[in-house]
Amino acid sequence: MSQHIVLLAGDGIGPEIVAEAEKVLTQVNEQFSLGLSWNHELLGGAAIDAHGVPLPDVTLDAARKADAILLGAVGGPKWDAIERSIRPERGLLKIRAELNLFANLRPALLYPQLAAASSLKPEIVSGLDLLIVRELTGGIYFGQPRGIRILENGERQGFNTDIYSESEIRRIAHVAFQLAQKRNKRVLSVDKANVLEVTELWKQVVTEVSAEYPDVALSHMYVDNAAMQLVRAPKQFDVIVTGNLFGDILSDQAAMLTGSIGMLPSASLDQQKKGMYEPCHGSAPDIAGQGIANPLATILSVAMMLRYSLNAPLAAEAIEAAVGRVLDQGLRTADIFSEGTTRVGTKAMGDAVVAALAG
Ligand code: NAD
C-alpha cells in the first residue's frame, strides 16, 4: 500500500523551506519509485488565521491517518498577543501529545565543509556525528503535582514533580538501543542518579533493557559531566539517551556545536515509528519572505523521515550525500556563508540539492 505524508508548512519561513523540501521529495519519489503521496494541511498561526485554532480537527485527522508528517515551523509576532491557550505553539504541543510522539531524535552532525562555523576548534568538531534521544512526553515537564502555592508564612513556593514510570523508561531505552544498532553500537545514558531517585530508576531500567542488546555497549554519565564532555570532546559520543529536561538542554547544546541551526533536522516518533519530522529551528520571522532561509534542515528532515518512518534508507542516504555535494560545490545560504564560498538563496539551494540528486 502506498504511504502518505502530511506536509505542515506552518508560519514565517515555514512555507519557503517546506517548498524546497517538497521539491526534493518529488525527486526521490520518482528516482527511487517510492510511490509516496502527500497533501498540505494548516498548523500554527496559519491555522489560527483560517480556522481560529492552531490545530484544526482536519489537520489532526490527516496527521493521525498519515504514515509521517513533515513540519516547517510555527509561530511569530503576529500571534504573540493572543490568548495563551490558542497560540501557535499550543498546536505543536497538542499534535505531539495527540500522536503520542514520545521519542525525540536530535542528530548533531557537522559536515566537515562547515567546521569553521562552529565556535569550537575544527579539530574538536569536524566530522561530529552524534544522536540525542530525548524522552518527550514525560518527566518534570508533565509531572503532577505542580504549581506555585502560598505557604503559611505568606511566602510563595514553586514546585514541580520529576516522575518516570518503568514502562516510559523502557520504551525510550529500546528506541535508543535499536538506533545504536544501526550506528556505532554505543549508548550513553545520562542521569543524575547520585541525587535524584527518579534518575536512579532511569539508570536501573536502562541497564536492564541493555541485556536485550548484547551488541551495543552501554555507559552512564551524570548530566553535569555530559554537558562538560559535549564541549570538551563531543566526538566520543554515538547515541545519548536521556529524560525530557536533560534532553532539552543537552540537545540544544549539541546543536550549537555544529554552528548553524539551519542545518539540523529532528524527528519525534511514536511506538510504531510513525513520526513528525521538522527542522530544529523556529519560524525565523526576522528573515521570513526574503528568500534567504536555509532549507537544508528541512531537506535533511525528509531524509530522516524516509529512513525512520518510510523504510527507504537508500533514498535517505542519497539526500544526505546530495547535501554534502552541494556544500562541496561551495554553495551557502547566508547563515552558513563564509569567505570564498558562494552565497545563494532558499530556492537556489533547494534546486542545487535536486540537481545533485539527479546528477
Ligand atoms: P528561530 O529558530 O526561529 O530563529 C533564531 C535565529 O536563527 C534567527 O535569527 C533566525 O533568522 C535564524 N534562523 C532560524 N532558522 C534559520 C534558517 N533556516 N536559515 C537561516 N537562519 C535561520 O527562533 P526564535 O527567533 O526564538 O523564534 C521565532 C519563532 O519561532 C517564535 O514564534 C517561536 O515560538 C517559534 N519557534 C517555533 C519552533 C517550532 O515550530 N518547532 C521552534 C522554536 C521556535
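Order of listing sets the numbers, starting from 1, for every ligand and every atom in it.
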Is it true that, when you exclude Asn194 itself, more than 12 heavy atoms of the residues, nucleotides or ligands shown sit nearer than 6.0 Å to its CG? yes
For Glu212, is the CD atom crowded, meaning more than 12 foreign heavy atoms sit under 6.0 Å from it? yes
I'd like to check the ring pair (Phe, Tyr, Trp, His ring centres under 6.0 Å) partners of Tyr308; sequence neighbours left out, ordered by chain and number. none
Structural part of Ile287 in contact with ligand 1, heavy atom criterion under 4.0 angstrom: side chain
Among Ser283, Cys280, Ala297, Pro295, which one puts a heavy atom closest to atom 30 (O) of ligand 1? Ser283
Have a look at Arg87, Glu89, Met276, Glu16 and point out the one with the heavy atom closest to atom 31 (C) of ligand 1. Glu89
Starting from atom 11 (O) of ligand 1, find the nearest protein heavy-atom neighbour and note its residue, name and distance. Asp286 OD1, 2.8 Å
With atom 13 (N) of ligand 1 as the reference point, say which of Ala288, Gly10, Ala284 has the nearest heavy atom. Ala284
Heavy-atom distances under 4.0 Å are what count here, so tell me which part of Ala334 touches ligand 1: side chain, backbone, both or neither. neither
Nitrogen or oxygen atoms of Gly282 and ligand 1 under 3.5 Å apart: yes
Kindly indicate whether atom 1 (P) of ligand 1 is approached by any protein heavy atom to under 4.0 angstrom. yes
Hey, which atoms in ligand 1 end up nearer than 4.0 Å to a heavy atom of Gly76? 32 (O)
Would you check if the side chain of Asp67 reaches a backbone N or O of His4 as a donor-acceptor pair within less than 3.5 Å? yes
Looking at atom 28 (C) of ligand 1, what's its closest protein heavy atom, distance included? Pro285 CD, 3.4 Å
Following the transitive rule for hydrophobic clusters with a side-chain heavy-atom cut-off under 4.5 Å over Ile, Leu, Val, Met, Phe, Trp and Tyr, establish whether Leu188 and Tyr164 coincide in one cluster. yes
Under 4.0 Å between heavy atoms, the region of Ile292 that gets near ligand 1 turns out to be neither
Using a strict cut-off of 4.0 Å, indicate which atoms of ligand 1 neighbour a heavy atom of Gly75. 32 (O)
Which atoms form the tightest heavy-atom contact between Val133 and Leu179, and what is the distance? CG2-CD1, 3.9 Å
Are any non-hydrogen protein atoms located under 4.0 Å from atom 15 (N) of ligand 1? yes
Atom 5 (C) of ligand 1: protein heavy atom closer than 4.0 Å? no
Can you find an N or O of Gly72 that's nearer than 3.5 Å to an N or O of ligand 1? no
Residue Ala293 vicinity, atoms of ligand 1 by number, heavy atom under 4.0 Å: 19 (N)
Step through the shown structure and confirm whether more than 12 heavy atoms of other residues, nucleotides or ligands are within 6.0 Å of CD on Glu197. no
How many angstroms lie between atom CD1 of Ile172 and atom CH2 of Trp202, to the nearest 0.5 angstrom? 6.0 Å
Going by side-chain heavy atoms closer than 4.5 Å, which hydrophobic residues are tied to Ile69, directly or by a chain of links? Val6, Leu8, Leu43, Leu55, Leu60, Leu71, Val74, Leu92, Ile95, Leu99, Leu101, Met276
Using a 3.5 Å cut-off on N or O atoms only, is Asp80 in polar contact with ligand 1? no
Just jot down the ligand 1 atoms closer than 4.0 angstrom to any heavy atom of Leu92, in number order. 39 (C), 40 (O), 41 (N)
Cut-off 3.5 Å, side chains only: do Glu339 and Thr341 have a donor facing an acceptor? no
If you count every heavy atom of other residues, nucleotides or ligands that lies below 6.0 Å from Lys182 atom NZ, does the total exceed 12? no
Do Gln181 and Asp215 have a side chain donor and acceptor closer than 3.5 Å? yes
Nearest protein heavy-atom contact for atom 19 (N) of ligand 1: which residue, which atom, what distance? Asn294 N, 2.9 Å
Heavy atom of the protein closest to atom 7 (O) of ligand 1 (residue, atom name, distance): Ile261 CG2, 4.1 Å
Heavy atoms from other residues, nucleotides or ligands near CD1 of Ile249 exceed 12 (cutoff 6.0 Å): yes
With heavy atoms of Ala73 as the reference, note each atom of ligand 1 found under 4.0 Å away. 40 (O)
Which of the atoms of ligand 1 are close to Glu278, meaning less than 4.0 Å from one of its heavy atoms? 41 (N)
Nearest non-hydrogen contact to atom 37 (C) of ligand 1 from the set Ile336, Leu264, Val74, Thr346 belongs to Val74
Short N-O contact, Lys78 and Asp11, less than 4.0 angstrom: no
